[in-house]
Number of protein chains: 2
Amino acid sequence: MNAAAQPPSRGERPHTGRRRNEAAHRAILDAAMRLLAASEGAPITIDAIAREAGVGKQTLYRWWPSKGAVLLDALHDRADHDVPAPDTGSLRDDLRTLIAATFDAARHTPTGPALRTLVREAARDPHLTEMLRTFTAARRAAVREVAARGVERGELPANTDLDLMVDQFYGLFWYRFLLGHAPLDHATADRLTDSLLGGLGGLGMRGPKGAGR
Amino acid sequence: MNAAAQPPSRGERPHTGRRRNEAAHRAILDAAMRLLAASEGAPITIDAIAREAGVGKQTLYRWWPSKGAVLLDALHDRADHDVPAPDTGSLRDDLRTLIAATFDAARHTPTGPALRTLVREAARDPHLTEMLRTFTAARRAAVREVAARGVERGELPANTDLDLMVDQFYGLFWYRFLLGHAPLDHATADRLTDSLLGGLGGLGMRGPKGAGR
DNA sequence: TCTTGTCGAGACCGGCAGTCTCGTCAAGGC
DNA sequence: GCCTTGACGAGACTGCCGGTCTCGACAAGA
């Protein structure tokens, strides 16, 4: 993001003049994250971020090209990078862990509401749309990797449609996450895992082991 | 939508004065739909609708409360109300038909791009958000109805999580529809049906009967 | 012909993203 | 210790857009 860290960056002349105020930088990111997480649906204004950070608007535009860039940077900054890809040797365990962790992060961390707000902002900001697209692509790739290991181990047949599997997970997640009409709890994570792996026969047709969920 | 069709609507006094211009009404809806379907991602302005329809802005606001209402009305107007709920007696057939019809409508009718634009608009319009919420709820209920009939006929166990099943379908649909990173073709519809019903064992583990898809 | 209410046109307001300017202040060079 | 450089906070300003208000013209009934 901060491509302008060395403004002209031309040649060898050492930097002169007042240095960048790191405190202001942090204050902006923190303020943006605070507003992202707190604003329940309401849009976020540049002036609000600047005011919340105790900073002039120009300082903000000196280091970021647009509002969307600030918001995305704030999210990435605090983005715990939760939900790493587990590798226990069991696809079922890996997948269940991954799904449950994703659900938990959405429900119990400030990243959840922030991401919801960011998606709304992205609807009007082509720049942000593109960044969100690569973000989701990276997440899909990570899950696909886990599933591909399952195929290598023979836990899934070689002709499995991994892309469909991944999209069924993230599709359900985003659908419920954004609409909020149905829960994203552990019971759902378990049932979804079973459905995707299909080992016990899909959404119904489960033995007593999975029936109590 | 047109709650103001009889402006004051108070008492018995018959309508006097110039009557509503139906041609203008149609021109507005048509213009809105045209713009909705054509604007690839770009937002739609009220002035653009009025200009496209050859109409004053005030005429527009006389009959609709907001921009979102016009857009939604335009979509509902042309909304073929495609994708009715089939009832052939076979859950697998019904579901596959439903899913394929939904995919087709998104790909091959002007409703597709229009809906995409509408979702983007809804991100900034609470009114429209709410309307879209009830819209999706109705669609979910229709699919759930089809699945419930399958349970009654014993094609699915009684403890099946119908809500999860429905959301897996619409989740995948919206996810791919809005991101556009993967196809929504008939092959996908078939595989998704098999996965949801799980009769052949989920995404992989299918016998030769379903393997050719 | 008079009243009523719609019509197209366009001025206007308020909010917001992004730019520009200004006086101030810190870091380094001399 | 002074001077240049560039970041800083503050806020005026522009342009765009959703929505409102006003105006003269016009149509339908009384």
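Every chain is numbered from 1, with letters handed out A, B, ... down the list of sequences. Both backbone and side-chain heavy atoms feed into the values below; hydrogens, waters and symmetry mates do not. All of these numbers come straight from a predicted model, not from anything done at the bench.
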Hey, what are the protein-to-nucleotides 8-10 of chain D N/O distances that come in under 3.5 Å?
| unit_1 | atom_1 | unit_2 | atom_2 | d |
| --- | --- | --- | --- | --- |
| dC8(D) | OP1 | Asn21(A) | N | 2.9 |
| dC8(D) | OP2 | Arg62(A) | NE | 3.4 |
| dC8(D) | OP2 | Trp63(A) | NE1 | 2.9 |
| dG9(D) | OP2 | Gly56(A) | N | 3.4 |
| dG9(D) | OP2 | Thr59(A) | OG1 | 2.5 |

## Note on the structure
For Arg149(A), the salt bridge (charged side-chain N to carboxylate O under 4.0 Å, His left out) test, sequence neighbours excluded, returns Asp87(A)

### Task
Round to the nearest Å and state the distance from Arg120(A) atom CZ to dC16(C) atom P.
16 Å

What side-chain donor-acceptor pairs closer than 3.5 Å can you find for residues 27-45 of chain A, not counting sequence neighbours?
| unit_1 | atom_1 | unit_2 | atom_2 | d |
| --- | --- | --- | --- | --- |
| Asp30(A) | OD1 | Arg26(A) | NH2 | 3.0 |
| Arg34(A) | NE | Glu52(A) | OE2 | 2.9 |
| Arg34(A) | NH2 | Glu52(A) | OE2 | 3.1 |
| Ser39(A) | OG | Ala42(A) | O | 2.6 |
| Thr45(A) | OG1 | Ala48(A) | N | 3.0 |

### Message
Using a 4.0 Å heavy-atom cut-off, does Leu60(A) contact any base of the nucleic acid, only the sugar-phosphate backbone, or nothing at all?
### Response
nothing

### Message
Using a heavy-atom cut-off of 4.0 Å across all strands, would you classify Ile49(A) as base, sugar-phosphate, or nothing?
### Response
nothing

### Query
Can you check the Tyr61(A) OH to dG11(D) P distance for me, whole Å?
18 Å

### Message
Whole angstroms only, please: what is the CG-P distance between Leu71(A) and dG18(C)?
### Response
10 Å

### Task
State which residues pass salt bridge (charged side-chain N to carboxylate O under 4.0 Å, His left out) with Asp185(A); sequence neighbours excluded, sorted by chain then number.
none

### Query
Whole-Å distance between dG18(D) P and Leu35(B) CG?
12 Å

Taking distance alone, no hydrogens or angles, what donor-acceptor pairs closer than 3.5 Å link side-chain atoms of residues 123-134 of chain A to residues at least two apart or in another chain?
| unit_1 | atom_1 | unit_2 | atom_2 | d |
| --- | --- | --- | --- | --- |
| Arg124(A) | NH2 | Glu121(B) | OE1 | 3.2 |
| Asp125(A) | OD1 | His127(A) | N | 3.0 |
| Asp125(A) | OD1 | Leu128(A) | N | 3.1 |
| Thr129(A) | OG1 | Ala122(A) | O | 2.6 |
| Thr129(A) | OG1 | Asp125(A) | O | 3.0 |
| Arg133(A) | NH1 | Leu179(B) | O | 2.7 |
| Thr134(A) | OG1 | Met131(A) | O | 2.8 |

### Task
Mind calculating the distance between CG (Asp47(B)) and P (dA11(C)) to the nearest angstrom?
12 Å

### Sequence-distant partners of Arg116(A), side chain to side chain donor-acceptor pair (under 3.5 Å), two or more places apart
none

### Query
Could you state the CG-P distance from Leu128(B) to dG18(D), rounded to the nearest angstrom?
13 Å

### Query
Just how far is it from atom CG of Leu98(A) to atom OG1 of Thr193(A), taken to the nearest 0.5 Å?
9.0 Å

### Query
Can you check the Glu121(B) CD to dC17(D) C1' distance for me, whole Å?
11 Å

### Task
Report the distance from atom CD1 of Ile44(A) to atom P of dG18(C), rounded to the nearest whole Å.
14 Å

